[in-house]
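In each ligand, atom 1 is the first atom listed, and ligand 1 is the first ligand listed. Only heavy atoms go into these numbers, but all of them, side chains included; no hydrogens, no water, no symmetry mates. The shown structure was predicted, so the numbers you read here are calculated from the model rather than taken from an experiment.
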Amino acid sequence: MEGVDHLAHERNKSEFDVDAMKIVWAGSPHAFDVSDRISKLVASDPGFRKDNRSTLSRKELFKNTLRKAAYAWKTIVDLRLSEEEAAKLRFYVDEPAFTDLHWGMFIPAIKGQGTEEQQQKWLPLAYKMQIIGCYAQTELGHGSNVQGLETTATFDSQTDEFIIHSPTLTSSKWWPGGLGKVATHAIAYARLIVGGREHGVHGFIVQLRSLEDHSPLLGITVGDIGMKFGNGAYNTMDNGVLQFDHVLDVYSIAFASIAVMLWVSQVTCEGKYKQSDVPRQLVYGTMVYVRQTIVADASCALSRAVCIATRYSAVRRQFGSQNGGPETQVIDYKTQQSRLFPLLASAYAFRFIGEWLKWLYADVTQRLQANDFSTLPEAHACTAGLKSLTTTATADGIEECRKLCGGHGYLCSSGLPELFAVYVPACTYEGDNTVLLLQVARFLMKTVSQLGSRLSSKKPVGTIAYMTRVEHLMQCRCGVQRGFAELSADLVEAAVAHCQLIVVSKFIEKLQQEIPGKGVKQQLEVLCNIYALFLLHKHQGDFLSTGCITPKHAALANDELRSLYSQVRPNAIALVDAFNYTDHYLGSILGCYDGNVYPKLYEAAWKDPLNESVVPDGYHLYIRPLLKQEIRTARL
Ligand SMILES: CCCCCCCCCCC/C=C/C(=O)SCCNC(=O)CCNC(=O)[C@H](O)C(C)(C)COP(=O)(O)OP(=O)(O)OC[C@H]1O[C@@H](n2cnc3c(N)ncnc32)[C@H](O)[C@@H]1OP(=O)(O)O
Ligand SMILES: Cc1cc2nc3c(=O)[nH]c(=O)nc-3n(C[C@H](O)[C@H](O)[C@H](O)COP(=O)(O)OP(=O)(O)OC[C@H]3O[C@@H](n4cnc5c(N)ncnc54)[C@H](O)[C@@H]3O)c2cc1C
């Protein structure tokens, strides 16, 4: 029945202050207020409906995305939303679109790497969306290997011009979001050539389309790369292909000193290349920035899937009826708990590691401005490794949540197939996860060689086993006289272990803070222990081989996990309520707040276009002749 809370009995079991936990999840009372207000604004506006996406063609889907993006911008302007509120609105509209790259990469790249004069010229236009930008780095032939990019930017000091060119098919820019049909400008990464000498890959601001009629400029060939995984999903995004045919990059000449897209290098009007004494890897700064946002985004995506699977697991009953009484809630099965609750704990763990990484990134950015590069290697390793760890765990976790919902998890109306299809490229974009773990492994090798065996003593006591595991895994590999390439598969395992150590230790540090609200800290302690003991159980071979735990310890840890699952069980619904997601944002009948699943599933089925007629289109052409033929055969 509508209006009845079918999960009230679950919510009444809660042993902690859910409203206080909502503040912890949001990060602060202010952050909660903004999220709560904006999510409800989006949910209540039919202009942001998203329940029809799976029934649209690619062109209809894309045009609808353009409509929504324009509508979102009008809403932002009309309501005079702040930058924070506008970002939250785009988040709750929940549709991959060109605006992700305009706001998520194009603007950050200019802010992070542009010179003062470039920022003064481009940021006002970008903030007012009078230009729409994309981040054009990846090419058909190279994505992971940035130094392998082939696009060239040749400075001609005779004519004082930069010429951007795609010398080969494989140098075609390929994948950049927003590039295919919308972006008017790109930050294009190209090999800088001055006076016949090459100076590596740098970023250039290049106009792609006319601001009058949106037609591609002379020398620009641009389009969409075609359908991607899933039906709706990321097909709302125009990932594009771009070729330059000796394009004059007028904008680099607009300034007195021709400034490539970096404050770390300059080409003077006299055609002299000036590389300042900063690490060339600062050209990768935007990727580092986005990787840290992706970690926070992982906690959002995983918490959405866990919210759906937890609520549905409390609604779904199967087997176990005693004397005609109700069947057992599947959330009460130990197997369901052992699959679901570690994902619930991971969602909280990723939330807190995302908070810490945001601090780390802000700290390293501040240091860079003072020419202090001391923490740059650690910041790179942490953002790369934690992006890899959290996106792999989240993609796997969303799929596990689909399976936890049985057959109904496979319906689009569950929200889980779409969530999975939109999320999984996160394991690839912003750095293939294995390639990024190799960067962490390289950092660990260097650290071990510099510090000897102890990677760091700066970890909370509760993580000694985790720290010993990393050291052991590194010693086993570093001690062996074989090259990095030969040992890379093993070193990647050590890199994962290192990142898990960071997540566990930051969760423990979070619990050392003042956390208000009845029972809130206790619930987080349970989730922290579940996260740590689940991983210890999953990787117990590593831990046993280090000798820092015995088989008895491993058995005790397993017993403790079961006990912890029992402690979470009465609080599970309240713990996912604390994410404060609207039904609109969840987009899931299985995860609806009131738990009134079956009537909603049944109602939704009849809305499918296939049910517009009781006799399907095609019956008379194909089925009837078939049936008639069978009847004739039967008479023979
Ligand atoms: C609401 C929030 C929403 C969030 C979701 C956002 C949605 C985004 C939508 C998707 C958008 C996607 C965009 C993209 O995909 S953009 C393209 C991304 N591409 C990549 O990530 C490419 C990956 N490859 C690389 O980063 C580099 O090629 C790689 C690091 C792998 C190698 O670089 P390189 O060959 O130059 O360097 P070396 O390996 O030789 O290392 C040399 C030294 O430099 C150090 N290093 C490397 N990278 C960095 C860095 N980024 N920062 C600092 N230092 C770095 C490296 O450690 C070496 O140091 P040592 O010499 O001391 O060992
Ligand atoms: C949805 C989506 C959106 C994207 N948006 C953008 C965008 O806006 N802008 C942009 O510039 N790019 C974008 N990209 C491109 C993305 O950044 C690249 O696809 C990504 O960096 C991976 O590079 P690749 O495709 O070259 O993979 P590859 O490196 O070719 O990976 C293929 C396999 O090779 C392995 N491999 C590669 N190198 C090594 C090595 N040294 N050692 C061991 N194994 C290795 C990888 O682990 C992987 O298994 C997007 C991609 C996707 C899927």
Side-chain angles (χ1 to χ4, degrees), residues 87-88 90-92 94 96-106 108-109 133-149 170 173-180 183 186-189 200-201 203 225 228-230 233-235 237-240 242 278-301 354 364 368 373 375-384 387-388 391 421-447 449-450 484-485 488-489 492:
K88 273 298 172 192
R90 285 189 291 269
F91 173 79
Y92 284 115
D94 182 35
F98 64 91
T99 41
D100 296 343
L101 285 304
H102 177 78
W103 296 98
M105 294 199 78
F106 182 74
C134 68
Y135 184 88
Q137 176 178 295
T138 302
E139 296 173 355
L140 187 58
H142 293 91
S144 291
N145 180 7
V146 177
Q147 290 310 315
L149 295 176
T170 48
K173 290 300 177 187
W174 189 277
W175 272 115
L179 170 65
I187 290 176
Y189 283 79
V201 172
I225 62 173
K228 294 159 292 243
F229 185 96
Y234 225 84
N235 291 300
M237 175 79 77
D238 53 329
N239 297 88
L242 163 66
V278 294
R280 73 171 172 81
Q281 280 75 21
L282 289 183
V283 74
Y284 299 157
T286 306
M287 294 188 280
V288 176
Y289 163 74
V290 178
R291 287 170 190 156
Q292 61 95 18
T293 66
I294 287 173
V295 172
D297 189 52
S299 74
C300 297
V364 76
L368 291 179
F373 308 110
T375 60
L376 186 60
E378 183 186 7
H380 166 49
C382 283
T383 48
K387 180 269 179 185
S388 178
T391 54
V422 168
Y423 190 78
V424 287
C427 298
T428 304
Y429 63 54
E430 224 50 71
D432 165 83
N433 280 355
T434 300
V435 167
L436 295 181
L437 286 174
L438 288 166
Q439 289 287 307
V440 180
R442 175 169 172 165
F443 170 77
L444 290 176
M445 291 273 280
K446 281 190 72 174
T447 306
S449 63
Q450 288 160 1
F484 181 91
S488 52
V492 156

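By heavy-atom distance, the residue among R291, K88, H380, M287 lying nearest atom 50 (C) of ligand 1 is H380. Within the set H142, Q281, K387, the minimum heavy-atom distance to atom 55 (C) of ligand 1 is found for Q281.
In this structure, atom 35 (O) of ligand 1 lies nearest to the protein heavy atom Q147 CG, 4.0 Å. At the top of the distance list for atom 36 (O) of ligand 1, counting protein heavy atoms only, stands Y284 OH, 2.4 Å. If you check which protein heavy atom lies closest to atom 19 (N) of ligand 1, you get Q137 NE2, 3.3 Å. Protein heavy atom nearest atom 14 (C) of ligand 1, with residue, atom name and distance: E430 OE1, 3.4 Å. Closest to atom 1 (C) of ligand 1 among all protein heavy atoms lies F91 CD1, 4.1 Å. The closest protein non-hydrogen atom to atom 27 (C) of ligand 1 is S144 O, 3.7 Å. At the top of the distance list for atom 22 (C) of ligand 1, counting protein heavy atoms only, stands G143 O, 3.4 Å. Scanning the protein heavy atoms around atom 7 (C) of ligand 1, the nearest turns out to be Y429 OH, 4.1 Å.
In this structure, L438 and V492 have side chains that are in contact, with non-hydrogen atoms separated by less than 4.5 Å. T286 places a side-chain heavy atom less than 4.5 Å from the side chain of Y135. Residues K228 and W175 meet the side-chain proximity criterion, which asks for heavy atoms closer than 4.5 Å.
N239 places no side-chain N or O within donor-acceptor distance of the main-chain N or O of G178, the cut-off being under 3.5 Å. A donor-acceptor pair under 3.5 Å is absent between the side-chain atoms of S388 and the main chain of A384, judged by distance alone. Checking side-chain atoms of H142 against main-chain N and O of L149 turns up no donor-acceptor pair under 3.5 Å. Between the side chain of K173 and the backbone N or O of A188, no donor-acceptor pair lies under 3.5 Å.
At a heavy-atom distance under 4.0 Å, only side-chain atoms of V435, from C-beta outward, approach ligand 1. With a heavy-atom cut-off of 4.0 Å, V146 touches ligand 1 through backbone and side chain alike. By the criterion of a heavy-atom distance under 4.0 Å, neither the backbone nor the side chain of L438 is placed next to ligand 1. At a 4.0 Å heavy-atom cut-off, ligand 1 does not touch M445 at all. At a 4.0 Å heavy-atom cut-off, ligand 1 does not touch F443 at all. Residue-level proximity to ligand 1 for Y423 is absent, since no heavy atom of it falls below 4.0 angstrom.
The shortest heavy-atom contact between K387 and A426 is NZ-O, 2.8 Å. Closest of all the heavy-atom pairs between V290 and G104 is CG2-O, 3.5 Å. Nearest heavy-atom pair across V422 and Y234 is O-CD1, 3.8 Å. The two residues T138 and G143 make their nearest non-hydrogen contact at CG2-CA, 3.7 Å. Here the shortest heavy-atom pairing between P176 and A136 reads CG-CA, 3.5 Å. A pairwise comparison of heavy atoms in F98 and M237 identifies N-SD, 3.8 Å as the closest pair.
For ligand 1 and Y234, the ligand atoms under 4.0 Å from any heavy atom of the residue are 9 (C), 10 (C). Atoms of ligand 1 found under 4.0 Å from any heavy atom of T293, numbered from 1 in the order shown, are 4 (C). Listed by atom number, the atoms of ligand 1 under 4.0 Å from L101 heavy atoms are 11 (C). Close contacts of ligand 1 with Y135, meaning ligand atoms under 4.0 Å from a residue heavy atom, involve 16 (S).
Residues satisfying the side chain to side chain donor-acceptor pair (under 3.5 Å) criterion with Y284, sequence neighbours excluded, are Q147.
At least one heavy atom of M105 sits closer than 4.0 Å to an atom of ligand 1.
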Stepwise side chain to side chain contact (heavy atoms under 4.5 Å, CB included) check, Y289 with E430: CA-CA 10 Å; Y289 163 74; E430 224 50 71; over 6 Å; no
Worked verdict on N433 versus T391 for side-chain hydrogen bond (donor to acceptor under 3.5 Å, both in side chains): CA-CA 8 Å; N433 280 355; T391 54; 2.8 Å; yes
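On a distance-only criterion, G431 and ligand 1 share at least one N/O pair closer than 3.5 Å. Some N or O of K446 is nearer than 3.5 Å to an N or O of ligand 1, by distance alone. No N or O atom of N145 sits closer than 3.5 Å to an N or O atom of ligand 1. For the pair R442 and ligand 1, the shortest N or O to N or O distance falls below 3.5 Å.
Sorted by chain and number, the residues within 4.0 Å of ligand 2 by heavy atom are L101, Y135, Q137, T138, G143, S144, W175, P176, G177, Y234, N239, P425, T428, Y429, E430, G431, D432, T434, V435, L438.
Cation-pi geometry between K88 and F91 is satisfied (NZ or CZ under 6.0 Å from the ring centre, within 45° of the ring normal).
Remark: the Q439 side chain and the H380 side chain contain an N/O donor-acceptor pair separated by less than 3.5 Å.
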